Amino acid sequence: MKLFDAHCHLQDKRVIDKASQLISAALAVGVTNFAVNGTSEKDWNLVKEMGETYPSVVPCFGLHPWFIADRSPHWFKTLKKFFETTPTAAVGEIGLDKGPLAGGIDYSDQLVVFRPQLELAKELNKPVAVHCIDAFDDLLEIMRSIGPFPAGVILHSFNGSAEVVPKLAELGAYFSFSGWFTYIDEKIAKKTLKSIPSDRLLLETDSPDGLPKSDESSSDPKPTLNEPANILAVLDYVANLSNMKKEELAELSYVNSVRLFSYPGSKLLTDQ
């Protein structure tokens with residue numbers, strides 16, 4: 001059984017020192033690749049190095065909405081340079097966030113940063129990982145004005161409504177589910193999963209965040225950080241809600257991920 005972690009952050013300072021062990025542990029349970037997403041100018045070099053060090057890592061560069069206040073005046077020029085020097089890279093993580101965790105971040109500034117990055121992904125013909133919280137109307141409007149996106153837009157840790165899925169899918173969206181999905185009301189989660197086209201479903205961990213909900217009856221000490229090997233828990237949960245066999249869902253999500261990340265210059269093409 002093969003799996004593909006479609007979105008994680010192994011360059012995160014909380015886990016970068018043990019990235020090698022985390023990758024090995026995930027490879028041992030069938031995870032073949034990890035899309036490691038940068039979030040700001042401060043970590044793009046780390047992601048680039050990780051992509052060069054580990055054959056299984058797909059590097060991704062983007063400016064996340066939570067970190068836009070710290071950007072330099074030449075951030076976009078720097079970002080474009082990273083794609084010039086790293087043909088194996090995809091775009092991400094970028095996004096829009098109106099949620100409580102982004103309460104102090106100027107939303108109009110988020111829009112200013114988001115649009116050129118989405119346009120760049122379209123121009124480069126590369127998939128782009130998008131963080132979207134409570135901003136799907138705006139996302140849809142912007143995607144319509146720039147798209148469609150034949151290379152794909154990954155709505156990572158998707159938590160939008162079932163109603164918005166077909167509109168986004170029509171523009172090239174993929175829908176990726178992480179451990180965060182285990183906290184959503186089951187009825188809503190089932191309705192959402194039912195709305196996803198089978199060729200657009202992905203699995204991810206968003207590690208070191210996104211730790212799946214654990215068994216409350218267990219007496220074992222609960223970990224505080226997530227890791228790519230925990231994609232098995234996401235697989236179990238999504239398969240159960242979808243009434244699918246785990247092996248069937250693993251194959252489906254893996255094939256979707258490989259197709260999405262097989263863009264010109266991709267490691268996945270050179271590995272074949």
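Given the structure is predicted, the values throughout are model-derived calculations rather than measurements.
- Counting only heavy atoms from C-beta outward, the side chains of Ser20 and Tyr54 approach each other to under 4.5 Å.
- Other residues, nucleotides and ligands contribute only 12 or fewer heavy atoms inside 6.0 Å of the CD atom of Glu170.
- Annotation: side chain of Asp209 is not in contact with side chain of His9 (no heavy-atom distance under 4.5 Å).
- A search for side-chain contact (heavy atoms from CB on, under 4.5 Å) contacts involving Gln21 returns Lys18, not counting sequence neighbours.
- The shortest non-hydrogen separation linking Pro212 to Ala233 is CG-CB, 3.9 Å.
- Interatomic distance, Trp44 CH2 to Cys60 SG, rounded to the nearest 0.5 Å: 13.0 Å.
- Counting non-hydrogen atoms of other residues, nucleotides and ligands closer than 6.0 Å to CG of Asp137 gives a total of 12 or fewer.
- Of all heavy-atom pairs between Ala239 and Leu249, the closest is N-CD2, 3.4 Å.
- With sequence neighbours left out, Phe136 forms a ring pair (Phe, Tyr, Trp, His ring centres under 6.0 Å) with Phe158.
- The CG atom of Leu139 lies 10.5 Å from the CG atom of Leu111; values are rounded to the nearest 0.5 Å.
- Scanning for side-chain contact (heavy atoms from CB on, under 4.5 Å) contacts around Arg144 gives Leu140, Lys167, Leu171, with sequence neighbours left out.
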Please walk me through it: do Thr39 and Asn37 pass side chain to side chain contact (heavy atoms under 4.5 Å, CB included)? CA-CA 6 Å; Thr39 56; Asn37 281 252; 5.7 Å; no
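- Phe4 and Phe261 have parallel rings, their planes meeting at less than 30° on a 0 to 90° scale where 60° marks the start of perpendicular.
- In the hydrophobic cluster analysis, where Ile, Leu, Val, Met, Phe, Trp and Tyr join through side-chain heavy atoms closer than 4.5 angstrom, Val36 is grouped together with Val91.
- Looking only at distances, no side-chain donor or acceptor of Glu41 sits under 3.5 Å from a matching main-chain atom of Thr78.
- In terms of modelled atom types and a separation under 3.5 Å, the side chain of Lys122 and the main chain of Pro148 share a donor-acceptor contact.
- Residues Val113 and Val128 share a hydrophobic cluster, clusters being chains of Ile/Leu/Val/Met/Phe/Trp/Tyr side chains in contact below 4.5 Å.
- Results of the side-chain hydrogen bond (donor to acceptor under 3.5 Å, both in side chains) test with Ser176 over Arg200, Glu204, His7 single out Glu204 as the only residue that passes.
- Both tests pass for Lys98 against the ring of Tyr107: distance under 6.0 Å to the centre and angle within 45° of the axis.
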Salt bridge (charged side-chain N to carboxylate O under 4.0 Å, His left out) for Asp185 and Lys187? Distances and angles first, verdict last. CA-CA 6 Å; Asp185 178 85; Lys187 281 186 181 177; over 6 Å; no
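- Residues passing the side-chain hydrogen bond (donor to acceptor under 3.5 Å, both in side chains) test with Lys2, sequence neighbours excluded: none.
- Side-chain contact between Asn33 and Lys267: absent, with no pair of heavy atoms (C-beta onward) separated by less than 4.5 Å.
- No continuous path of hydrophobic side-chain contacts links Leu268 to Phe83 [ILVMFWY only; heavy atoms under 4.5 Å].
- Residues Gln110 and Ile105 meet the side-chain proximity criterion, which asks for heavy atoms closer than 4.5 Å.
- In this view, Gln11 and Asp43 satisfy the side-chain hydrogen bond (donor to acceptor under 3.5 Å, both in side chains) rule, not counting sequence neighbours.
- Residues Leu202 and Met143 do not share a hydrophobic cluster, defined by chaining ILVMFWY side chains whose heavy atoms lie under 4.5 Å apart.
- Residues Asp5 and Ser207 share a closest heavy-atom pair of OD2-OG, 4.3 Å.
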Test side chain to side chain contact (heavy atoms under 4.5 Å, CB included) applied to Tyr174 and Asp199, step by step: CA-CA 8 Å; Tyr174 285 69; Asp199 64 342; over 6 Å; no
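- A salt bridge links Lys48 to Glu52: one of the charged nitrogens lies within less than 4.0 Å of a carboxylate oxygen.
- Here Ile184 contributes atom CD1 and Phe177 contributes atom CZ; the two are 8.0 Å apart, rounded to the nearest 0.5 Å.
- Nearest heavy atom pair, residue Cys8 against residue Thr205, reads CB-OG1, 3.8 Å.
- The side-chain heavy atoms of Ser56 and Thr32, taken from C-beta on, include no pair separated by under 4.5 Å.
- Two residues are said to be in side-chain contact when any heavy atoms from C-beta on lie closer than 4.5 Å; Leu63 and Arg71 meet this criterion.
- The structure places CD1 of Ile16 at 4.5 Å from CE of Met50, a figure rounded to the nearest 0.5 Å.
- Atom NE2 of residue His156 and atom CD1 of residue Ile94 lie 11.0 Å apart, to the nearest 0.5 angstrom.
- Side-chain heavy atoms closer than 4.5 Å link hydrophobic residues (I, L, V, M, F, W, Y) into clusters, and following such links, even through other members, never connects Val130 to Leu260.
- When all heavy atoms of Ala89 and Tyr263 are compared, the closest pair comes out as C-OH, 3.3 Å.
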Apply the test side chain to side chain contact (heavy atoms under 4.5 Å, CB included) to residues Glu186 and Tyr237: give CA-CA distance (whole Å), side-chain angles for both, the deciding distance (0.1 Å), then the verdict. CA-CA 10 Å; Glu186 269 198 29; Tyr237 189 79; 3.7 Å; yes
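- Under the side-chain contact (heavy atoms from CB on, under 4.5 Å) rule, Leu203 has a single partner from Leu3, Leu232, Leu252, which is Leu3.
- Between Val238 and Val234 there is a side-chain heavy-atom pair separated by less than 4.5 Å.
- Between His131 and Asp97, the side chains place a donor N or O and an acceptor N or O closer than 3.5 Å (distance only, hydrogens not considered).
- Residues Asn256 and Ser198 share a closest heavy-atom pair of ND2-O, 2.9 Å.
- The shortest side-chain heavy-atom distance between Thr88 and Pro59 falls under the 4.5 Å cut-off.
- In this structure, Trp180 has no ring pair (Phe, Tyr, Trp, His ring centres under 6.0 Å) partners at least two apart in sequence or on a different chain.
- Remark: Ser40 OG to Phe61 CZ distance equals 12.0 Å, nearest 0.5 Å.
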Between Val47 and Thr86, is a side chain to side chain contact (heavy atoms under 4.5 Å, CB included) present by the stated rule, with each step listed? CA-CA 11 Å; Val47 172; Thr86 321; over 6 Å; no
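- In terms of modelled atom types and a separation under 3.5 Å, the side chain of Thr182 and the main chain of Lys213 share a donor-acceptor contact.
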